[in-house]
Each structure stands twice: as C-alpha cells, then as structure tokens.
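Shown below is the structure under consideration.
Hydrogens, waters and symmetry mates are skipped; everything else that's a heavy atom, side chains included, is used. Note that ligands are numbered from 1 as they come in the structure, with each ligand's atoms numbered from 1 the same way.
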Amino acid sequence: MTSDSIHGMWSSRLMFILAASGSAVGLGNIWRFPYVAGENGGGAFVIIYLICIFLIGIPIMVSEIVIGRFARKSPINAMATAASKSNASRKWQLVGWMGVVAGFMILSFYAVIAGWVLSYVFQLGSGVFVGISGESAEQIFKGFVGNVWEVLAWFTIFLAITVVISARGVSAGLEVAVKYLMPILFFLLVVLVIYAAVTSGHFLEGVNFLFSFNFEKLTWNSVLEAMGQAFFTLSLGMGAIMAYGAYMPKDASVIGTATMIALMDTGVALMSGLVIFPLVFANSLESSAGPGLMFITLPLAFGQMVGGQIFGCVFFVLVAFAAVTSAISLIEPAIAWLIEKLKTSRRVAALIVGVCVWLLGLGSVFSTNIWSDLFIFDEMTFLDSMDYVTNNIILPLGGIFIAIFAGWVLSSMILDSEMTLDGWFYPVWKFLARFIAPAAVAIVFFMALLQV
Ligand code: TRP
C-alpha cells in the first residue's frame, strides 16, 4: 500500500512540515492579514479569524492531507481515486477542478503583489525611504503601482522565478531553501516586533487594536472575510495541501503535523500585526488603508531605524522568498495534473501553467494603473475582485466539499489506516470535519448573503 508518488517525495516528516509551512506562510500573513484586519476594525475580526483557524482550518487541512497521502496523485485524480476506492461517484473530482481554477486565479494576483515586494527590495536598498515622512512613503507607493510597465516587469520576473523552481521539482532545492529562510524570517519579525514595542510609543494601542473584543462593529461580511483569510493563510480549499500531502511519508501523525503548521502560520500573522499597527498609530496613518498598508508602514519604519536601509532590504527579500514558497504550492496541483494527464515532463507542464497565469495576471497588473477605474464588483478592481471571489467564496466552498468528503464519503478503512498515529484526536477531528466545519462555513455564507 505504501507506494510513492510519481512526482517525488519529501525526504522526511520535517521536510513536509517545512514545505507546507512554506506554502502557508506568505503574503497572506505579512501583507494581507494586517490590512484585512485593519479594514474590518481589528479585535473582533482577529478573534473570529483565530476561531476559524482552529475549528475549520485545522480539520480541513487534515482532510486534505489524508486524501492526498492516500491517493498520491494530483488533487483532481486524488479525489477521483479516493472516491472510487470508497465506492462513491468519481464526480468528486470536480472539487479538484475547482481547486485548479482557484489556484490560477489566486496566483494571478498573488504574483502581482509579490512583484511589488521585489521592487521594494531595490527601493529600500537604494535608500529612498531613509528619514522619510508617512505622506511621502504613501506617494512613493502610489507612484510605483501607478506605473504599468514597472509593475508588469516585476510581476513577470516573480512568475518566471516561480515557474523555474516548480519546473525543477519541489524537493531538493526548495526543501533546503525553506529550511534556512523560514527561521531567518521569523527572527527578523521578532526583531521588528521589539523595535515597534520599544520605539513606536504606540505598541499598546496596536495590541489593543488587534485583541480587543469589540463585537459591535462586526458584520457578517467581516466574519466572512475572517473565514476567507483563515482559508487563504493556511493554503486551504483548493488542493495545495492535498498535493503536498501526496508526497508526505506515512510515518507521521496527520493531526499533530497540521496543528504545528497552523500554529506557526498564526504566529507569523499575529507578529506582523504587532509590527504594523503600532507603526500605523505612531505615524497617524489609516489602519484601514487597504492593500498598500504594508508597503507604506514598513518602509517608513525602516527609514527611521539605524541600519534600516540594509535591514529593510533584507526583510523584503525574505518576504519575497516566503511568497515564492507559497506560489509554487499554488500551481503544484495544476502541474501535477498536467504531468499525469499529458504524460509530459514537469518543465512543459510548468511552462504551460505559467503562461496561462501570466495572461490572467495582466488584469491585476492593470488594476492599479490603466484599469484603476474599472470595477468588476462594486468598488472592486480586477485585482480586488479576484482576491474577494477566491478567498471568500471559492476556497470556503472547496473546503466544505473536502471536509464532507473526508468526513462522510471516504471509506473508514482508508481513514483508519491513515490516522493510526493520531490517537484520540482522530474522533475529535472526525466530529469537526463532519459537522462543525461544514456547518460553520454554511452558516457564515448564508448570513453574509442575507445581509447584503
Ligand atoms: N497561504 C499563502 C499565504 O498566506 C498563500 C497560498 C499558497 C494559498 N497556497 C495557497 C492560498 C493555496 C490559498 C490556497 O500567503
């Protein structure tokens, strides 16, 4: 039964943890979490987000790993195989298809933001932010994203890096990179938290903003946003973790592993908030500034720090690496499926996927310049719309199906054999996957719809 995947295998449980955390920790933690929390009023939003991580996120992550590890195939074929081995309809593979589409949509805007990060590596390195005011930092950001050619160039570079790494296979190069980069990123974040705590003079205000229980401001729409953020940050609902699970060794407990990944990811997100919000308040910036938040506050802070020019440059390099290790997980389901389907090489598959993502990404490239007046849904640019639809609708929907599939459809023989190392967590997971996670997602959807 314990065959290997044709796409390769992680060399150990630790490597799976690193790869999956590499997928989870990314722009979602450092860029998206602070600004979405800011737009939704902080405190109560963060509490809901944390509840979603534990009650919905971890059970769904476990479901994805179990399905992937059992079938050892791309998510589309993994769903089909797991279904037919459980005497269920192969139509379940539609969930895999939905995931592949979601992956394209997410990477198409993710790579644009990651391109902004790349450009900031050089902008910080050049010293333009040294000693600058909050207002000028905002001007520089707007000037940059307003320039279509620059944004296009950085987006293309980032996507090319992603495709090249994916083409070479995920295990050797990537495993090594993640092993060193994640700890450095963590360390720099701690230094930045301390910096914010000591120098901003507004640290408690930041803490208060992130953790105060003010439920009055909370709408069902912000609950939906919190849930979407939980899916996004853990890379759930589209098969990324399922694809990685397919390369995971059998001798590791699924629930313990998933919990570790979730805790690490949550730690990074909260730390980013504790860096950004004290700086926002100290410089009288808007906490609800939206996607530009990180690109304005962090350069501002670095500009005032001793050695901030180098330090800031290094920090953005690490954010870029975190983005790369996430981006490769976004296209892995599509690449693995193409390899299985066309019996083609990884290189060809990666190239095909890359070109498709690039074309779709043009919409997001244009969103901050030539198409900045084009709104798809109310007030939302192309980029915002891609982000909204994937995170708040497609990922949670995919998550419901995955949880229901693992909890109700997957044969208990398969489940038992995958979960032998999980002890009494196994029934707890089963309860959460069967009842709590699907019901919670459904309720949030329904209430958010009613409200609009
Ligand atoms: N989790 C990553 C982040 O926070 C983004 C990501 C990678 C992702 N793979 C995913 C999001 C799959 C949703 C689904 O930056």
So if I count the atoms of ligand 1 from 1 in the order they appear, which ones are less than 4.0 Å from some heavy atom of T233?
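Within the 4.0 Å cut-off of T233, ligand 1 contributes 1 (N), 4 (O).
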Closest non-hydrogen protein atom to atom 2 (C) of ligand 1, residue and atom name please, with distance?
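Of every protein heavy atom, S23 O, 3.1 Å lies nearest to atom 2 (C) of ligand 1.
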Centre-to-centre under 6.0 Å for F129 and F302, is that the case here?
no
Can you figure out which of Y110, F33, Y244 has its heavy atom closest to atom 5 (C) of ligand 1?
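Nearest heavy atom to atom 5 (C) of ligand 1 lies in Y110.
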Step by step, work out the ring pair (Phe, Tyr, Trp, His ring centres under 6.0 Å) result for F295 and Y120.
CA-CA 8 Å; F295 296 92; Y120 264 56; 5.1 Å; yes
On a heavy-atom basis, which atom in D384 and which in E379 lie closest, and how many Å separate them?
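Taking every non-hydrogen atom into account, OD2-O, 4.3 Å.
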For atom 6 (C) of ligand 1, the protein heavy atom that lies nearest, with its residue and separation:
S235 OG, 3.5 Å
Can you list the atoms of ligand 1 that are under 4.0 Å from a heavy atom of G28?
3 (C), 4 (O), 15 (O)
Does the plane of the ring in F209 sit parallel, tilted or perpendicular to the ring in F277? Use 30° and 60° as the thresholds.
tilted
Heavy-atom distances under 4.0 Å are what count here, so tell me which part of I106 touches ligand 1: side chain, backbone, both or neither.
side chain
Provide the closest heavy-atom pair for S329 versus S23 in the form atom of the first, atom of the second, distance.
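Closest approach of S329 to S23, heavy atoms only: OG-OG, 2.8 Å.
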Under 4.0 Å from any heavy atom of A240, which atoms of ligand 1 are there?
12 (C)
Checking contacts here: is it the side chain or the backbone of D265 that comes within 4.0 Å of ligand 1, counting heavy atoms only? Could be both or neither.
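No part of D265 is near ligand 1 at this cut-off.
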Atom indices of ligand 1 within 4.0 angstrom of S329 heavy atoms, with elements
7 (C), 9 (N)
Under 3.5 Å, N or O to N or O, is L330 touching ligand 1 that way?
no
Is it the case that the side chain of S200 and the backbone of A197 share a donor-acceptor pair, with hydrogens and angles ignored and the cut-off at 3.5 Å?
no
Using a strict cut-off of 4.0 Å, indicate which atoms of ligand 1 neighbour a heavy atom of A24.
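Those of ligand 1 that fall under 4.0 Å from A24 are 1 (N), 2 (C), 3 (C), 4 (O).
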side-chain contact (heavy atoms from CB on, under 4.5 Å), that's the test. Do F155 and L152 meet it? Break it down for me.
CA-CA 5 Å; F155 158 68; L152 179 64; 4.2 Å; yes
For the 3.5 Å polar cut-off, considering only N or O atoms, please tell me whether F232 and ligand 1 meet it.
yes
Using a strict cut-off of 4.0 Å, indicate which atoms of ligand 1 neighbour a heavy atom of L395.
13 (C)
Distance flag, aromatic centroids of W97 and W337, threshold under 6.0 Å:
yes
Is it true that E340 and K73 make a salt bridge, defined as a side-chain N closer than 4.0 Å to a carboxylate O?
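Between K73 and E340 there is no salt bridge, as every charged N stays at least 4.0 Å from the carboxylate O atoms.
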M238 neighbourhood, listing ligand 1 atoms whose heavy-atom distance to it stays under 4.0 Å:
12 (C), 14 (C)
Under the 3.5 angstrom rule, does the side chain of R72 hit a backbone N or O of A246 as a donor-acceptor pair?
yes
Only heavy atoms of L27, strictly under 4.0 Å: list the atoms of ligand 1 that pass.
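Atoms satisfying the 4.0 Å criterion: 15 (O).
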